[in-house]
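Lettering of chains follows the sequences in order, A, B, ..., and the numbering in each one begins at 1.
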Amino acid sequence: MGRLVALLLVIVGLGLSACGAREILVLLPDDDGTIGALSIVNRDGTGKAIIMDQAHQMMLVDPAGSKIMTMASAAVMDKEFGAVLDSLPAPGKTFILYFETASTRVTQESQDALLKLFAEVTGRQAVEVLVTGHTDTVGEIGTNDKLAKRRAENVREMLLERGLEASFIWAAGRGERDLLIPTPDETPEPRNRRVEVIVR
Amino acid sequence: MRWILAVLLIALPVTAWAEIGQVKLLAGQVSVERKAKIIPAKKGMLVELADVIITGKDGRVGITFKDNSRFAAGPNSRIEVTEFVFNATTHKGSFITKVDKGTLAIVSGKIAKQTPDAMKVRTPSSFLGVRGTKFLVKVGP
């Protein structure tokens, strides 16, 4: 309680509101509602880390460098961050294409998704496509890295054929590092043999 | 510092792209300082390492990065991407942004997801390690 009073006195004494602060940090909930965290130290990397891990938690730094933790009101959010929040690009749209075993051929079942992907990329301005290939756990890691990359490159080629500019398509393979369905090693799993495409 | 160097050495061969992101939307006065030249920003323009994003009093800009992180600068800002290393296979890397003034909104991407604190933001007073994902920074005049 004594500390709280002291803190309030410090705030009143410095006349420190969000408007008077030299710097403001605010942690927001993610789009899916989960809360991340920030760890804050001095500019030169020294000092004990302060952790921010609550939604709308706000840190104010006064001109002398003192840090005060509080909560951001809707009014502060609007006034200080309205313009910048409006300018955040929308999250990309994700498409998943599945592949035949040990092959760079898209399955029959994924042909629909492929057509939807083509429609999405041709209907956008300043479009950028991130293509990431994956495999299941059958085979050596090195072989799967190559297969994953080839799957991604195959999708990239198809997008290039539809007139998309090469510098805006980025293809990479992750091999068996990022399984959609977790399995033991050497397990055939059709849902892991995939390419994830983010269009943004 | 030593581990940053180590990451650079391991990751550089696979991240030889000069482009690290793309301007997705903008309004008002927005320019990019690149190799001591000021270039007006345009929608679709590719962003390179060490670019400084500069906005005027009505300027704002939204940028997406190769690790799928998203970023916006509000009016009267000066923000520099000082380090961007991303291995698209392992998702290891580092992403450091310096805010000299203005407002910045970030939704972190694959770099921060793979390695907490690999994404950092430097302000005049502080050094922030990002453990996910959406946050705001304002640096006053």
For [X], is it the side chain, the backbone, both, or neither that has a heavy atom closer than 4.5 Å to a heavy atom of chain B?
| X | answer |
| --- | --- |
| A:Thr132 | side chain |
| A:Ile198 | side chain |
| A:Met52 | neither |
| A:Ala90 | backbone |
| A:Pro29 | backbone |
| A:Ile35 | neither |

Max heavy-atom pairs within cutoff under 4.5 Å with chain A, candidates B:Thr90, B:Thr55, B:Val107, goes to B:Thr90
Checked B:Val23, B:Thr103, B:Val121, B:Val99 vs chain A; the most non-hydrogen pairs under 4.5 Å come from B:Thr103
Verify the cluster assignment for B:Leu49 and B:Phe71: are they in a single hydrophobic cluster under the rule of side-chain heavy atoms below 4.5 Å apart? yes
At a heavy-atom separation under 4.5 Å, does [X] approach chain A through its side chain, its backbone, both, or neither?
| X | value |
| --- | --- |
| B:Pro124 | both |
| B:Val61 | backbone |
| B:Lys42 | neither |
| B:Leu46 | side chain |
| B:Lys98 | side chain |

Has [X] got more than 12 heavy atoms of other residues, nucleotides or ligands less than 6.0 Å from its [atom1]?
| X | atom1 | value |
| --- | --- | --- |
| A:Glu140 | CD | no |
| B:Arg34 | CZ | yes |
| A:Ile141 | CD1 | no |
| A:Glu120 | CD | yes |

Approximate separation, where rounding is to 0.5 Å, of [X] [atom1] and [Y] [atom2]:
| X | Y | atom1 | atom2 | result |
| --- | --- | --- | --- | --- |
| A:Asp31 | B:Thr133 | CG | OG1 | 7.5 Å |
| A:Arg124 | B:Lys24 | CZ | NZ | 8.5 Å |
| B:Phe86 | A:Trp170 | CZ | CH2 | 10.0 Å |
| A:Arg200 | B:Thr64 | CZ | OG1 | 3.5 Å |
| A:Asn42 | B:Phe127 | CG | CZ | 11.5 Å |

Counting C-beta onward and ignoring hydrogens, is there a side-chain heavy-atom pair between [X] and [Y] closer than 4.5 Å?
| X | Y | value |
| --- | --- | --- |
| B:Ser126 | A:Arg43 | no |
| A:Pro89 | B:Leu25 | yes |
| B:Ser125 | A:Glu23 | yes |
| B:Arg131 | A:Leu38 | no |
| B:Leu136 | A:Leu85 | yes |
| B:Leu128 | A:Leu25 | yes |
| A:Leu130 | B:Asn68 | yes |

Heavy-atom nearest pair, B:Gly132 first then A:Leu27, reads O-CD1, 4.1 Å
Pair count under 4.5 Å, heavy atoms only, with chain B: among A:Val41, A:Ile50, A:Val127, A:Asp53, highest is A:Val41
Max heavy-atom pairs within cutoff under 4.5 Å with chain B, candidates A:Ala49, A:Ala83, A:Ala148, A:Gly92, goes to A:Ala83
Check ion pair B:Lys66-A:Glu128 (N to O, under 4.0 angstrom)
no
| Salt bridge A:Asp32-B:Lys134, side-chain N to carboxylate O under 4.0 Å | no
Report task. Could you please spell out the steps behind the side chain to side chain donor-acceptor pair (under 3.5 Å) verdict for A:Arg177 and B:His91? Result -> CA-CA 10 Å; A:Arg177 286 172 189 75; B:His91 287 181; over 6 Å; no
Indicate yes or no for a side-chain donor-acceptor contact from B:Arg60 to the backbone of A:Ser87 under 3.5 Å, with no hydrogens or angles considered. no
